[in-house]
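See below for the structure under consideration.
In what follows, residues are counted from 1 in the order of the sequence shown.
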Amino acid sequence: MAVEFPPPKWAVPGVIAEGVTLLAGPPKVGKSWLALNLGVSIAEGSPALGSVPIEPGPVLYLALEDTPRRLQSRMRTVLAGRHASPELTLDTYCPPLPDGGDTYIAGWLEENHGARLIIIDVFTKIRGRPPVGTNSAYEADYAAIGTIKRLADAYRVAVLLVHHVRKATSDDFLATVSGTNGLAGAADAVLVLERPRAQADGVLHVTGRDVEEIGRAHV
């Protein structure tokens, strides 16, 4: 009890802390746009989510479902004529975790001290096959998050995993996250994005170990 621990490092104060955060939502709801906007904001030092002051620093955005052409188009839209910050690294490739994905990301971290955020879009592209000896889907989900969490904890960096929600609805937004409870259980925080079709505004549900639970935050 006498030990003094440093406070958590925040990529987005009150929303995304060091460790692993799941960002889940239905297809085409705007998860990738939200993640890219966060990455651009943190890299250049502008307020996140339009109003949250942040500490700028290096950001890695792994756009694993995009081609370079599509990613360039998205960047032009997000930047709206501004120049991209040199602190933002974009990549459309990363090997699956069982094949050295964590080492690949660690290499970037070693070259970018003081990194603020790593975005993996999407988690499914990097998780790979379950470890040998995994006996259940829950264990496989927990182990997949655990590999990334060890990396995040070692470097004290925030990692945002873009993920999907299941088709079935639920009153509890955590229950909508696709996969078993092992994903939400192993992650340090979970964000679930909801946005009606053809509307610009959405609702971001937030809960986690270091964040104060927010039932509804408009984005």
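- Distance check: Thr89 OG1 to Asn112 CG gives 5.0 Å after rounding to the nearest 0.5 Å.
- Taking CG of Leu23 as the start and CD1 of Ile16 as the end, the distance is 7.5 Å to the nearest 0.5 Å.
- Minimum heavy-atom separation, Trp10 to Val15: CZ3-N, 3.6 Å.
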| request: Just do the side chain to side chain contact (heavy atoms under 4.5 Å, CB included) check on Asp141 and Arg127 with the steps written out, would you? | output: CA-CA 9 Å; Asp141 283 346; Arg127 67 173 297 171; 2.9 Å; yes
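- Atom CZ of Arg69 has 12 or fewer neighbouring heavy atoms from other residues, nucleotides or ligands inside a 6.0 Å radius.
- Thr92 places no side-chain N or O within donor-acceptor distance of the main-chain N or O of Leu64, the cut-off being under 3.5 Å.
- Residue pairs that meet the salt bridge (Lys or Arg N to Asp or Glu O under 4.0 Å) test with at least one member in residues 15-26, sequence neighbours left out, are Glu18-Arg156.
- Here the side chain of Thr77 pairs a donor or acceptor atom with the backbone of Ser73 at under 3.5 angstrom.
- Val159 is listed as a side-chain neighbour of Leu161, based on a closest heavy-atom distance under 4.5 Å.
- The environment of NZ in Lys125 is sparse: at most 12 heavy-atom neighbours from other residues, nucleotides or ligands sit within 6.0 Å.
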| query | Leu151 and Ile105: side chain to side chain contact (heavy atoms under 4.5 Å, CB included), yes or no, with the steps? | reply | CA-CA 9 Å; Leu151 183 69; Ile105 296 171; 3.6 Å; yes
| request: Apply side chain to side chain contact (heavy atoms under 4.5 Å, CB included) to the pair Leu160 and Ile120, showing each step before the final yes or no. | output: CA-CA 6 Å; Leu160 185 67; Ile120 301 175; over 6 Å; no
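- Looking at Arg150, His113, Glu110 one by one, the single match for side chain to side chain contact (heavy atoms under 4.5 Å, CB included) with Tyr155 turns out to be Glu110.
- Atom CG in Leu90 sits 5.0 Å away from atom CE in Met75 (nearest 0.5 Å).
- For Ala115 against Val157, the heavy-atom pair with the smallest separation is O-CG2, 3.6 Å.
- Phe5 belongs to a hydrophobic cluster whose remaining members, ordered by chain and number, are Val3; membership requires side-chain heavy atoms of ILVMFWY residues under 4.5 Å apart, directly or through intermediates.
- In this structure, CD1 on Ile54 lies 10.0 Å from CG on Leu117, to the nearest 0.5 angstrom.
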| request: Report the C-alpha separation of Asp91 and Tyr104 in whole Å, then their side-chain angles, then the decisive distance to 0.1 Å, and conclude whether the side chain to side chain donor-acceptor pair (under 3.5 Å) test is met. | output: CA-CA 11 Å; Asp91 202 341; Tyr104 187 88; 2.6 Å; yes
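- Listed by first and then second residue, the salt bridge (Lys or Arg N to Asp or Glu O under 4.0 Å) pairs that reach into residues 34-55 are Glu44-Arg82, Glu55-Arg116, sequence neighbours excluded.
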| message | I'd like to know whether Ile148 forms a side chain to side chain contact (heavy atoms under 4.5 Å, CB included) with Phe123, so could you lay out the CA-CA distance, the side-chain angles of the two residues, the decisive distance to 0.1 Å, and finally the verdict. | response | CA-CA 10 Å; Ile148 301 175; Phe123 172 56; 3.9 Å; yes
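- Under 4.0 Å is where a charged nitrogen must lie from a carboxylate oxygen, and between Lys31 and Asp121 no such pair does.
- A donor-acceptor pair under 3.5 Å links the side-chain atoms of Asp188 to the main chain of Val20, judged by distance alone.
- Once rounded to the nearest 0.5 Å, the distance linking CH2 of Trp108 with OG1 of Thr103 reads 16.0 Å.
- Between Leu49 atom CG and Leu34 atom CG the span is 6.5 Å, to the nearest 0.5 Å.
- Residues Ala43 and Ser85 share a closest heavy-atom pair of O-OG, 3.1 Å.
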